[in-house]
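Below you'll find the structure, written out as structure tokens, and then a few comments.
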Amino acid sequence: MPLHDWRDERGWDGVHLLWLAQLLDWVQPRLPAGFRAYVGSVPALTLEASNGKPDVTVRGWREPTPAVPSPTAALAPDRETVATFTLDTQRALHVDWHGQLVAAIELVSPRNKDRQNAKARYAGRYIGYLRQGVHLMLVDVFAQPAGFSFADAVSDDLGLGEPPTPSPFAVSYRVGGPVPNGDAMGTPVAVWQRLLSPGQPLPELPLPLDGDQSVVIDLETTYQQAANRVYLG
């Protein structure tokens, strides 16, 4: 199924959730041993240790003091209020290796870039993956708003020097690996970049897992399976 013209955003929320589910079904059986895929709402924070427990040693130098129950008043908050932010419930596909987040697939929604603070927040989220050494596939099927691209924001922030990549696009990043030309400064980043067009099939792209392994994602097949289950008019 060719890419829809997503100037009409109706139906996207359903496609978004179903597409993530199809991507999960595609990725999970193709992962090497030790890797696990799941759909999560925020990037995982993990402590890596060979035995599955935090690699922390605690030594007591004196007998522990018995716990004293705290007065009820001490447990009450000083003040309760309502903040101006809402919890980010947008989900992404994550891949971990023995509990450590190593790769992610993010599908951009219109609300991720409908306001300036949303652009900054989600650009920071996508850039944060790469700065923490997490490989990333980023897919944006929405051309609006004109003149803005998360791929450009990533390139500018990390100094990748990529040519302009207007939305819609699909781009995959691999972080780490051999340093090109023996340059010891900075972190090597490999980029696979594809422009998308309404009415045209979506491409295949690799989702890197490490410097040598990756899973090739068939965006067309997984998108078609999701879109077929949602009435798009």
Side-chain angles (χ1 to χ4, degrees), residues 16 19-50 52 54-55 87-109 112-113 118-140 149-162 165 167 169-180 185-194 203-219 222:
H16 186 194
W19 198 359
L20 283 175
Q22 295 297 335
L23 288 166
L24 177 62
D25 289 345
W26 178 274
V27 169
Q28 185 66 61
R30 292 170 171 82
L31 290 174
F35 291 90
R36 178 180 67 99
Y38 59 96
V39 174
S41 58
V42 294
L45 296 177
T46 63
L47 289 173
E48 183 182 8
S50 59
D55 188 13
L87 296 177
D88 185 358
T89 59
Q90 178 158 312
R91 295 180 174 272
L93 189 147
H94 294 152
V95 178
D96 72 31
W97 184 78
H98 295 296
Q100 179 181 1
L101 181 65
V102 297
I105 300 178
E106 288 268 1
L107 304 177
V108 176
S109 290
N112 297 23
K113 51 179 181 173
K119 294 175 184 176
R121 182 169 68 252
Y122 281 97
R125 170 169 164 161
Y126 306 143
I127 293 165
Y129 283 114
L130 303 177
R131 286 189 175 275
Q132 295 184 59
V134 177
H135 314 297
L136 174 66
M137 180 180 294
L138 184 61
V139 183
D140 187 354
S149 165
F150 280 120
D152 292 347
V154 170
S155 179
D156 292 345
D157 184 271
L158 300 180
L160 301 182
E162 290 296 300
T165 308
S167 302
F169 64 79
V171 61
S172 192
Y173 304 93
R174 186 187 68 216
V175 187
V179 179
M185 301 298 293
T187 300
V189 178
V191 183
W192 293 261
Q193 183 185 82
R194 304 290 185 269
E204 293 184 343
L205 273 180
L207 175 65
L209 303 175
D210 54 32
D212 302 312
Q213 302 180 96
S214 63
V215 175
V216 176
I217 308 297
D218 187 337
L219 292 174
T222 53

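The figures that follow rest on heavy atoms only: side chains count, while hydrogens, waters and symmetry mates do not.
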Output a table of donor-acceptor pairs, distance under 3.5 Å, between side-chain atoms of residues 20-30 and any protein atom two or more places apart or on a different chain; print 'none' if there are none.
residue, atom, partner, partner atom, Å
Trp26, NE1, Val216, O, 2.9
Gln28, OE1, Ala37, N, 3.0
Arg30, NH1, Trp26, O, 2.7

Requested in this report: State which residues pass side chain to side chain contact (heavy atoms under 4.5 Å, CB included) with Ala120; sequence neighbours excluded, sorted by chain then number.
Outcome: none
Query raised in the report: Would you say Met137 and Leu93 make side-chain contact, with heavy atoms under 4.5 Å?
Result: no
**Report entry** Stepwise side-chain contact (heavy atoms from CB on, under 4.5 Å) test for Leu107 and Trp19
**Finding:** CA-CA 9 Å; Leu107 304 177; Trp19 198 359; 3.8 Å; yes
Report summary line: Note: Arg174 and His135 closest approach over all heavy atoms is CA-ND1, 3.5 Å
Requested in this report: Report yes if the side chains of Val95 and Leu31 come closer than 4.5 Å at any heavy-atom pair, otherwise no.
Outcome: yes
Query raised in the report: Rounded to the nearest 0.5 Å, how far does OH of Tyr126 lie from CG of Leu138?
Result: 6.0 Å
Report task. Say whether, by atom type as modelled, one donor and one acceptor occur between the side chain of His94 and the main chain of Val39 under 3.5 angstrom. Result -> no
Query raised in the report: If we only count heavy atoms from C-beta on, is the Phe35 to Val215 side-chain gap below 4.5 Å?
Result: no
Query raised in the report: Atom CD in Gln132, atom CD1 in Ile127: separation rounded to 0.5 Å?
Result: 12.5 Å
Report task. Kindly indicate whether the side chain of Leu207, heavy atoms from C-beta on, has any atom under 4.5 Å from the side chain of Ser214. Result -> no
**Report entry** Closest contact, heavy atoms only, Leu209 versus Pro32
**Finding:** CD1-CD, 3.5 Å
Requested in this report: If a pair satisfies salt bridge (Lys or Arg N to Asp or Glu O under 4.0 Å) and one of its residues is in residues 203-219, list it, with sequence neighbours excluded.
Outcome: none
Query - With Ser172 via side-chain hydrogen bond (donor to acceptor under 3.5 Å, both in side chains) - residues at least two apart - result: none
Query raised in the report: Considering only heavy atoms from C-beta outward, does the side chain of Val102 approach that of Val134 to under 4.5 Å?
Result: no
Report task. State, without any angle test, whether Glu106 and Tyr129 hold a side-chain donor-acceptor pair at a distance under 3.5 Å. Result -> yes
Query - Minimum side-chain heavy-atom gap Arg194-Val171 below 4.5 Å - result: no
Report task. Applying side-chain hydrogen bond (donor to acceptor under 3.5 Å, both in side chains), name anything that partners Tyr173, two or more places apart in sequence or on another chain. Result -> none
Query raised in the report: Should Val139 and Phe169 be marked as a side-chain contact (heavy atoms from CB on, under 4.5 Å) after you check the CA-CA gap, both sets of side-chain angles, and the distance that decides it?
Result: CA-CA 6 Å; Val139 183; Phe169 64 79; over 6 Å; no
Query - Audit row: His16, Arg91, side-chain contact (heavy atoms from CB on, under 4.5 Å) steps and yes/no - result: CA-CA 9 Å; His16 186 194; Arg91 295 180 174 272; 6.0 Å; no
Residues 149-157 side chain polar contacts: donor-acceptor under 3.5 Å, at least two apart:
residue, atom, partner, partner atom, Å
Ser149, OG, Ala151, N, 3.2
Ser149, OG, Asp152, N, 3.3
Ser149, OG, Thr165, O, 2.5
Asp152, OD1, Thr165, N, 2.8
Ser155, OG, Gly161, N, 3.4
Ser155, OG, Glu162, N, 3.0
Asp157, OD1, Arg131, NE, 3.2
Asp157, OD1, Arg131, NH2, 2.8

